[in-house]
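Below is one structure; the comments refer to it alone.
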Number of protein chains: 2
Amino acid sequence: MNESEPVRLYELVLENGRSASPFVWRVRYALTHKDIPFVSVPIGFTDIPKIFEGRFKTVPIIEHGRTAMAESWDIADYLERTFPSGTPLFSGPAEHAMVKLMDAWFMAEVVRKLFRLYVLDVYHAARPQDKAYFRQSREARIQGTSLETFTADRAQHLPALRESLAPLRARLSVQPFLGGATPNYADYIALSAFQWASSVATLPPLDPSDQPLLRWLDRGFDLYGGMGRDPRQRPLS
Amino acid sequence: MNESEPVRLYELVLENGRSASPFVWRVRYALTHKDIPFVSVPIGFTDIPKIFEGRFKTVPIIEHGRTAMAESWDIADYLERTFPSGTPLFSGPAEHAMVKLMDAWFMAEVVRKLFRLYVLDVYHAARPQDKAYFRQSREARIQGTSLETFTADRAQHLPALRESLAPLRARLSVQPFLGGATPNYADYIALSAFQWASSVATLPPLDPSDQPLLRWLDRGFDLYGGMGRDPRQRPLS
């Protein structure tokens, strides 16, 4: 495989057409960071088993020449290896290892809380033909509780979400990006979660006084010609 | 200042003479990583105001020629700058930024829980002349609650501590150190907290089945000729 082959990115879209998956957004940022042109292929939840002979269970999926692969970290590593002429995603193995640690923390402490806040909003925003599948698969993860019951008291969980973001806030109070002066893959991981939230949130996650985070979100959404900006987004504070 | 000047490290010791501060341990690891010889100057809590004309409130403190400074991150950055011939602590600014983020997470989610478990154990292990100061200053941080009351139900907090370590466990299940194949400053930050715990813990923090973490602790305590090994340590599981 070489750098001149086109990359196709299969991404989940909501009823309004917006790409919402936080894992797809990571790959969008990785491709753009490395200046790799790509073609977007919009699909819905229930299309995943219909493509690539059902080989993949989740998005993102990329297709590049004869290579097709899923899993955002595998894709990031593939892009880094296969497109050496683009801006590197990682300065070396130590930064790579640290971003993987950041991801493990962020998924466990932050994304889990965002799921609790927004899973019903995703259901409402999904394409009509995806709704039944989405409800069934997500309710299976929460021991069969209905999405409505699971999210009924969601506003009570906002303080814990905001507190879990303290490590980001601490760093972003003294530097523009988590990566330092310029964004790195840790920024993309966190920005992608907020891209997801901003696609569906009927309850804003952040307090309007949370300036370190809100200013970083502004900077992050403005990156690469405002790739993260979309009139369909909902307010995050 | 140059590399040939000797470095003196002021470190807090317990009644049994063991250096216990997690922040001092970070600097011990940083000095050793960079192969910088140093002279240890053991002091107690109540000695800090008596040295350097009371300029510093906390350890670690290092003295190098005419430079004296506190704060473990400032010291790490100083050592990196001043001893360029030693093995670098950081591969570059992105790794540095990521380790700072890891530290913000680790302090908020892990060290805070260790404090709740072990603050009374530190009191009991402190030098007799430091005990009154230690009690007064720590009880002030917990709204005047006695250390005994604060820690009475500590065993109930073990599950939350162990869960907070999930990100470390996830990474250490697939690689030997947080830094990857070799330890980096994130390993030293986490190992230092466990050095502190192992200096005083009358209740082990970890479950004996927690092999990913326990094997990493073994590897970490064995580093640099077993610098982290000491017959005065208490079991961590």
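Naming convention: chains lettered A, B, ... in sequence-line order (proteins, then strands); numbering from 1 in each chain. Below, all heavy atoms of this structure are taken into account, side chains as well, without hydrogens, waters or symmetry copies.
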Between chain A and chain B, which N or O donor and acceptor atoms come closer than 3.5 Å?
from     : atom 1 : to       : atom 2 : distance (Å)
A/Arg112 : NH2    : B/Glu163 : OE2    : 3.1
A/Glu163 : OE2    : B/Arg112 : NH2    : 3.0

Closest non-hydrogen contact found for B/Leu101 with A/Met102 is CD2-CG, 3.7 Å
Per-residue tally against chain A (heavy atom, under 4.5 Å) across B/Pro167, B/Gly92, B/Ala104, B/Gly180 peaks at B/Pro167
Sorted by chain and number, sequence neighbours left out, ring pair (Phe, Tyr, Trp, His ring centres under 6.0 Å) with B/Phe38 holds for none
Cut-off 4.5 Å, heavy atoms of chain A, and the answer for B/Ala166 is neither
Nearest heavy-atom approach of B/Met98 to A/Val99 is SD-CG2, 3.7 Å
